[in-house]
Each structure stands twice: as C-alpha cells, then as structure tokens.
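By convention in this document, chain letters (A, B, ...) are assigned in the order of the sequence lines, proteins followed by strands, and residues within each chain are numbered from 1.
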There are 2 protein chains.
Amino acid sequence: MTNAPPTTNATTQGMRDEILAYKRERILQEAVTLFYERGFTGTTLDDIAHELGVTKPFIYTHFKSKTDLLAAICLPTIQMSLDAAITAVESGGSATERLHKLIVDFTRVVLVRQPNIAVFFREEKSLERAALAEINALRLRFDRTLARLLEEGVAAGEFRLHDAKLTALAMGGMISWAYTWHRPGGRLSIEEIGQRMAELALQMAGASPPSAMHAC
Amino acid sequence: MTNAPPTTNATTQGMRDEILAYKRERILQEAVTLFYERGFTGTTLDDIAHELGVTKPFIYTHFKSKTDLLAAICLPTIQMSLDAAITAVESGGSATERLHKLIVDFTRVVLVRQPNIAVFFREEKSLERAALAEINALRLRFDRTLARLLEEGVAAGEFRLHDAKLTALAMGGMISWAYTWHRPGGRLSIEEIGQRMAELALQMAGASPPSAMHAC
DNA sequence: CTCGGGTGCTACCCGCCGGTAGTGTATCCC
DNA sequence: GGGATACACTACCGGCGGGTAGCACCCGAG
C-alpha cells in the first residue's frame, strides 16, 4: 500500500496524492473560515460542503469526524508557534536578539494564522481528549522555551526580571491576545505589530538601554 | 405590579424578591461552572438543573433562554473590568500609581471571576448579537480608558512609549490571558500575580526608575 | 374546610445535524 | 467496447436537546 501501486504507475500515483492533499487543504480552509465566523457548533458540515460546492460525504472521505477536522485546524498552528520559538532561541546572537526574533516570528504566526489560533482557544472544549493533550504538551514546551531564554538573558546580564515563568506567560499572553483584536488591513501591518511587540517585550524583560528606546 | 402587592404586605414581598434573586444567582453559579468545564454547547440545561436538584422548566422561570443565561454570565463581569479601570484612572495620584492600581484591580477581576471571563471569550459566538454588541462597547471603553491613562503618563513625563493604543492592547492581553493559565491554589496568589503584573506593566510603559525595579 | 395563587414538575414535541449505506458515473486499462 | 476501480452523490437514520403545555402540590387566607 505504501509503495508499488497496483494499477497505475508512480507518476500518476504521485499526482493523485498531491490532488488528495490539495482537496484536504481546501476543506481545512473553508472549515477554519466558517468556524472562525460562526463557531464550531454553529457551523454544520453541510455548511462547509456547500461552501466548497460539494456534499457532506466528500468531507468524510478526507476526515473521520468533525472533531478530527477541528484537530487538523488547531494542532499544526500550535506546532508552528513552538517551532518559531525553538528556532529563535537556537539561532545565534545575544538573548536580546533572540527574544526579539522570537516575538516577531511568533507574532507573525498568530496574526497570519489568526483564524486557526482563535478557533483553537475558543473550541478547546470541543477537541477530543487525546488531541487536546497533545496540543497542551506543545504549549507547555513553548512556555518553557521562552522562560529559559529569559533566564539565559538574566544570567548574561542582559535582562532584569524577578520571575521568568510569570514573565513568559505575560509575554505569551500579550502576543496571543492579538487574535482577539487584530483586523487585517488595519492601522498597522503584521510586521509593524511584530516590531512594536518585540520592543514592548524587551522593555518588559528589563533589557539594557540600546535596544528598545532610542532616547536616553 | 412594581409596587403594592395584591395579597401580601411589603415585608413578605421584599423577602420573596430576595429569594428570587438568590435562586437566580444559584442558577448562574452552576451554569458558569458547567459552561467553564464542558463548554456552552457541551452543557445541557438538564445538566444544570440536575446539578441544582431541580428540573429544566425551573430555569425557564428565571431566564428566558439558554443564551440569556450566557449573557447574564458574561455582561456583569466585563462591566466589572471596566469599572475597575475607570475607578483606578479617576483615583488620585500620579499616572504611575493609577496604572499600578488599574492592573492590580483588573487582574483581581479576571482571576476571581476566571470562569466567567473564560466563558465569555470562548462563547462569544453563542451570544445574541445585541448582547455581544453591548459587551463589545464596554471592552472598547476599557481599552480607551487604559490608553488615555498611558497618554497622560507620557504627557506628565512618567512613561516612555511609542504607541499608547497598542501598548494598552498588549497590557490588556497580558492580564486577560491569565484566565487560560491561572489555577486557584497555584504557586502565586491572586494578589501576588496582580503585584507582579503591575510591575511588568510599568516596565512596559517605560516608567521612571523608582517604581518597578529596586536595584540600579 | 375551601378557595386561589404561586411554584415547580411530568411529559412531550420537533427540528437539527453528525454520521452512514447504497448507488450512479467518469476514467482508464485491456 | 467491456470491465474494474475510484470517487462523490442521493437519501436516510437516530438521538439529542432547547423549549413548552398543562398538571399537581403546597400554603396562607377566610
């Protein structure tokens, strides 16, 4: 089943897989849009199918249940947030530079994938236990990664703060919260918001003068 | 109907009203607990009634629908947040002192009424349009109140920040987010969290030395 | 004892929606 | 042209839960 397709050659097989992946992706797009606008329970599978110009059983050939669809919306996005944090922390440079990068990149994930983030935080209770546990493990790692970076910064004499864990939660909240107020096409672009949030985070961390503020 | 009860005297009437209010309050207590644990759509009115040792029609004598119940959970809590902000801003003292008070008091509302706050942010989409609009008006006033305080602080030379609106959103998010991670009986008490959040907020605002950090 | 009003219950309805079984049809190889 | 395969559709089910109609009970008043 994994190799050597029975009735057709490898090229055709490869393309078919791409098409399958594309269909799956389109379903996810519509689903997240509707869940974002109307809520998970406020959206029926018929709604999603209708929006795609197909019917409900079509969705069931790609996802095994409505909650499976929800998990497929949430999990990869939370994974992306964690990846952004890890990449930033492991990149070269001072703690200050790495925190700046972490905040900018994390903000980008939150705002670019705003509907997914919003759906996750709202519909947490609709996820199956296993899926929720998996996601919460990722979130925990995110918080710890950020807290460790803050501690490194303190050890290096770059930051001044009392409680790395609490500060990490505060920073995480400050950024995550943006899903509630950001409007695409608003006053500030995603990159501008990221820059300013990074400055605020550095001030919160008590970073040394040169970074956040240009005067004094 | 509002006065001069037909069959009984004023004292009895007063007590009956108190009992009515008490029943209403008990329903709200159970409802918010269950909505918090299982989600709005994951909780049936029968569940709530069962927990109270009554039946579904009992609830309908106090609330006209399930969404009415939801609004009664959310609105007063958001109102409390706004009240805390206004009271703090209008209290005497420097901008620094008032921001400190605002954060401490707002944090207290968020954490003491954590289930209500959580239910509101999760179940926004289940509220009726009118109720949601009313609540969103309160939230807008909250953000503006905080932003104005930040601007006053800048004008008074107490704060240093680029963008009062964004900073207000960041601070609001930092605190609001606590509903997602706070566990009663955890490492820090509600008052301790409030204190530390206030320190972080002051650093974010670029408040002058004496306040947030005790060394240097 | 009887009357009446207030209060909460039993019993029910009905629409909605997640999920499925079975069928039609386009495609491709021989 | 014929047969197999994959794919998506039509049509249906079943239960769940919000909301309601009407009844039974309790209690105070006369």
Side-chain angles (χ1 to χ4, degrees), chain A residues 1 4-24 26-27 30-31 34-35 38-73 123 125-128 131, chain B residues 1 4-24 26-27 30-31 34-35 38-73 123 125-128 131:
Chain A
M1 191 148 83
T7 62
T8 179
N9 65 40
T11 306
T12 308
Q13 179 65 36
M15 197 173 75
R16 216 188 53 182
D17 284 355
E18 284 171 31
I19 289 172
L20 240 58
Y22 176 75
K23 286 174 181 172
R24 199 182 144 89
R26 283 289 294 121
I27 295 172
E30 281 314 320
L34 291 179
F35 290 167
R38 311 177 190 175
F40 180 69
T41 47
T43 305
T44 71
L45 290 172
D46 281 324
D47 289 341
I48 299 170
H50 178 78
E51 211 68 26
L52 289 164
V54 296
T55 58
K56 193 164 47 172
F58 176 85
I59 296 174
Y60 277 89
T61 62
H62 296 271
F63 298 92
K64 70 177 207 301
S65 68
K66 196 185 181 188
T67 58
D68 184 30
L69 193 49
L70 182 60
I73 285 170
E123 310 298 350
K125 294 291 173 185
S126 303
L127 282 165
E128 268 150 24
Chain B
M1 192 148 81
T7 64
T8 180
N9 65 39
T11 305
T12 307
Q13 179 66 38
M15 198 173 73
R16 216 189 52 184
D17 284 355
E18 286 170 31
I19 289 172
L20 242 58
Y22 176 74
K23 288 174 181 171
R24 197 181 144 90
R26 285 288 294 119
I27 295 172
E30 283 311 322
L34 291 179
F35 289 167
R38 312 178 188 175
F40 180 69
T41 47
T43 305
T44 71
L45 290 172
D46 281 326
D47 289 341
I48 299 170
H50 179 77
E51 211 68 28
L52 289 164
V54 297
T55 57
K56 193 164 51 173
F58 175 85
I59 296 174
Y60 277 90
T61 61
H62 297 271
F63 297 91
K64 70 177 207 300
S65 68
K66 197 184 182 190
T67 58
D68 185 27
L69 193 49
L70 182 60
I73 285 170
E123 310 298 350
K125 294 292 174 185
S126 302
L127 282 165
E128 267 150 24

### Task
May I have the step-by-step check of side-chain contact (heavy atoms from CB on, under 4.5 Å) for B:I27 and B:V54, ending in yes or no?
CA-CA 10 Å; B:I27 295 172; B:V54 297; over 6 Å; no

Atom of [X], atom of [Y] and distance for their closest heavy-atom approach:
{"X": "B:S65", "Y": "B:E128", "value": "OG-OE2, 4.3 Å"}
{"X": "A:H62", "Y": "A:K23", "value": "CE1-CB, 3.8 Å"}
{"X": "B:K66", "Y": "B:F40", "value": "NZ-O, 2.9 Å"}
{"X": "B:K125", "Y": "A:G39", "value": "CG-N, 4.1 Å"}
{"X": "A:A49", "Y": "A:I59", "value": "N-CD1, 3.9 Å"}
{"X": "B:S126", "Y": "B:T67", "value": "O-CG2, 3.5 Å"}

Spacing between [X] atom [atom1] and [N] atom [atom2], to the nearest angstrom:
{"X": "B:D47", "N": "D:dG17", "atom1": "CG", "atom2": "P", "value": "8 Å"}
{"X": "A:D46", "N": "D:dA11", "atom1": "CG", "atom2": "C1'", "value": "12 Å"}
{"X": "A:R26", "N": "D:dA8", "atom1": "CZ", "atom2": "P", "value": "14 Å"}
{"X": "B:I27", "N": "C:dT7", "atom1": "CD1", "atom2": "P", "value": "13 Å"}

### Message
Among residues 48-63 of chain B, which ones have heavy-atom contacts with DNA chain D below 4.0 Å?
### Response
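Those residues whose heavy atoms fall under 4.0 Å from DNA chain D, taken from residues 48-63 of chain B in numerical order, are B:K56, B:P57, B:Y60.
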
### B:K23 vs C:dG8: side-chain N/O to OP1/OP2 distance below 4.0 Å
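Answer is yes, contact under 4.0 Å.
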
#### Entry: Donor-acceptor contact present, side-chain A:D47 to main-chain A:T43, <3.5 Å
no

### Task
Please work out which residues in residues 66-73 of chain A have a non-hydrogen atom less than 4.0 Å from an atom of DNA chain C and list them by number.
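A:K66 - these, ordered by number, are the residues of the stretch whose heavy atoms sit under 4.0 Å from the strand.
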
### Message
Which nucleotide wins on minimum distance to the side chain of B:L45, given the candidates C:dG19, D:dG19, D:dC7?
### Response
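The answer is D:dG19, which lies nearest to the side chain.
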
